[in-house]
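To start, the structure under review is shown below, and the notes come after it.
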Amino acid sequence: MRRAGPPCDWLRRGSRLGAHWPPVSAAQPHLAHLGGGRGSRSGRALGAGPGEKRMENLPDAASLATKLKNTLIQYHSIEDSEWRIAKKMKDATVWRKPSEEFSGYLYKAQGVVEDITNRVVDHIRPGPSRLDWDNLMTTMDIVEKFEENCCVMRYTTAGQLWNIISPREFVDFSYTTQYEEGLLTCGISLDYGEVRPNFVRGFNHPCGWFCVPLKDHPEQSLLTGFIQTELRGMLPQSAVDTAMANTLANFYSDLRKTLKTISY
């Protein structure tokens, strides 16, 4: 397996781009809710709804989505020898390695989820289903929609580790595309707008989730995530490392519990 290339120049220019953790986006059958134009490549933002403020100076959606996808595929090709185990549970493992984007870590999480790919991704995409089961996420609003299977979302997260890590806010560009026999859903943060009171604005570097069916058990999915979050604020590094590993491990267990309770 080849190693990922050097940090991408497009992440260093302009408005400083990153990615949300865990990234959320739509499964392929549900892409219509992010914007219409089947087959359109214009990258044009759709109109904001009543009472919503349009976001200005957004990057080109099609170009950004392509570069983001290529970056995540590079992460997916990093050799196993470069990862070190951060947390191991019965049904999921979390690894980490130094990030090439900031002074923290790039985390890799992997586990099998007993449901088909579309249903798994449907529960981590932008939408009300995510708030129903993800205890870390407290609010979420889609503030801009595009014709490129993309949207911009603004969301907040709860405090962690007895509020040593206070609540955070993120503004993320989200994109979903097909990958092999499954889906890749990924995102980057945008430095945009005023920070809500009582929140620290977090910043996520390129992140994504690869969700593909198991070859011998297509009713099960292999879910692999690549997450690198800059929480910002005055935080001890040990607290950040503990929170990231625990959050990713709990993400799998909470998602599994939710999928088991749903009847289709």
Side-chain angles (χ1 to χ4, degrees), residues 1-5 8 18-31 34 64-80 82-83 85-89 91-97 99-101 105-126 130 134 148-151 172-189 204-229 244-245 247-256 259:
M1 300 176 70
R2 63 184 179 83
R3 188 183 184 280
C8 302
H20 54 105
W21 69 284
V24 291
S25 191
Q28 198 71 19
H30 304 276
L31 292 176
L34 296 180
L64 182 55
T66 298
K67 292 171 181 177
L68 179 61
K69 174 184 176 181
N70 291 340
T71 298
L72 265 298
I73 291 175
Q74 284 185 331
Y75 291 163
H76 205 3
S77 70
I78 295 175
E79 294 181 359
D80 292 343
E82 295 192 38
W83 299 101
I85 291 180
K87 191 175 185 68
K88 187 175 180 62
M89 300 179 66
D91 299 319
T93 302
V94 179
W95 298 266
R96 72 182 188 186
K97 68 178 295 294
S99 171
E100 295 184 356
E101 307 299 337
Y105 290 102
L106 168 64
Y107 287 84
K108 173 184 176 180
Q110 189 171 74
V112 174
V113 180
E114 294 185 0
D115 213 327
I116 62 174
T117 297
N118 286 350
R119 289 177 185 170
V120 173
V121 178
D122 192 38
H123 280 78
I124 60 176
R125 67 180 176 89
R130 181 62 177 275
D134 190 343
E148 301 296 333
N149 306 336
C150 310
C151 70
D172 291 351
F173 173 91
S174 179
Y175 171 60
T176 293
T177 185
Q178 291 181 325
Y179 174 79
E180 295 183 350
E181 299 300 320
L183 297 167
L184 163 61
T185 180
C186 48
I188 59 175
S189 287
N204 297 298
H205 298 272
C207 301
W209 294 94
F210 294 85
C211 189
V212 296
L214 296 182
K215 292 182 179 180
D216 297 330
H217 301 279
E219 73 283 0
Q220 298 178 338
S221 300
L222 180 64
L223 184 63
T224 305
F226 295 90
I227 312 298
Q228 48 187 344
T229 297
M244 289 298 298
T247 294
L248 288 168
N250 292 337
F251 182 84
Y252 280 84
S253 59
D254 291 345
L255 177 59
R256 287 190 185 99
L259 291 171

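In this chain, numbering begins with 1 at the start of the sequence shown.
- Contact of the Leu223 side chain with the Tyr252 side chain is registered, since non-hydrogen atoms from C-beta on lie closer than 4.5 Å.
- Put simply, SG on Cys150 and CG on Leu64 are 7.5 Å apart, with the number rounded to the nearest 0.5 Å.
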When you look at Trp209 and Phe226, which way does the side chain to side chain contact (heavy atoms under 4.5 Å, CB included) test go after all the steps?
CA-CA 7 Å; Trp209 294 94; Phe226 295 90; over 6 Å; no

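- In this view, Leu222 and Gln110, Val112, Val212, Leu214, Thr224 satisfy the side-chain contact (heavy atoms from CB on, under 4.5 Å) rule, not counting sequence neighbours.
- Distance check, rounded to the nearest 0.5 Å: CZ of Arg119 to CD of Glu219 gives 11.5 Å.
- Judged by distance alone, with hydrogens and angles left aside, the side-chain atoms of Arg256 form no donor-acceptor pair with the main-chain N or O of Phe251 at under 3.5 Å.
- Of the possible donor and acceptor atoms, one in the side chain of Ser99 sits under 3.5 Å from a partner among the backbone N and O of Glu101.
- Separating the OG1 atom in Thr177 from the CG atom in Leu68 is a distance of 10.5 Å, to the nearest 0.5 Å.
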Given the rule in the side chain to side chain contact (heavy atoms under 4.5 Å, CB included) test, do Asp80 and Lys108 qualify, once you have shown the distances and angles that lead to the verdict?
CA-CA 11 Å; Asp80 292 343; Lys108 173 184 176 180; 4.1 Å; yes

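- You'll find the side chain of Thr229 reaches within 4.5 Å of the side chain of Met244, heavy atoms only.
- Checked by atom type and distance alone, the side chain of Gln228 pairs as donor or acceptor with a backbone atom of Pro206 at under 3.5 Å.
- Minimum interatomic distance between Val94 and Tyr107 (heavy atoms only, all atoms of both residues): CG1-CD2, 3.8 Å.
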Would Thr185 and Tyr175 satisfy side chain to side chain contact (heavy atoms under 4.5 Å, CB included), going step by step from the backbone distance to the final call?
CA-CA 6 Å; Thr185 180; Tyr175 171 60; over 6 Å; no

I'd like to know whether Asp254 forms a side chain to side chain contact (heavy atoms under 4.5 Å, CB included) with Asp134, so could you lay out the CA-CA distance, the side-chain angles of the two residues, the decisive distance to 0.1 Å, and finally the verdict.
CA-CA 7 Å; Asp254 291 345; Asp134 190 343; 5.7 Å; no

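- For the atom pair CG of Leu255 and CG of Asn250, the computed distance is 12.0 Å after rounding to the nearest 0.5 Å.
- The two residues Cys207 and Leu72 have their closest heavy-atom pair at O-CD2, 3.4 Å.
- Within the 4.5 Å cutoff, the side chain of Thr176 has no heavy atoms near those of the Leu184 side chain.
- Evaluation of the salt bridge (Lys or Arg N to Asp or Glu O under 4.0 Å) rule for Arg96 yields Asp241 as partners, not counting sequence neighbours.
- The shortest side-chain heavy-atom distance between Asp115 and Gln220 does not fall under the 4.5 Å cut-off.
- Remark: Lys88 NZ to Thr93 OG1 distance equals 3.5 Å, nearest 0.5 Å.
- Residues forming a side chain to side chain donor-acceptor pair (under 3.5 Å) with Lys87 (at least two apart in sequence, or on another chain): Asn246.
- Atoms CG and NE2, on Asn118 and His123 in that order, are 12.0 Å from each other to the nearest 0.5 Å.
- Ile227 is not listed as a side-chain neighbour of Tyr75, based on a closest heavy-atom distance of 4.5 Å or more.
- Scanning both residues, Pro218 and Pro213, for their nearest heavy atoms gives O-CB, 3.9 Å.
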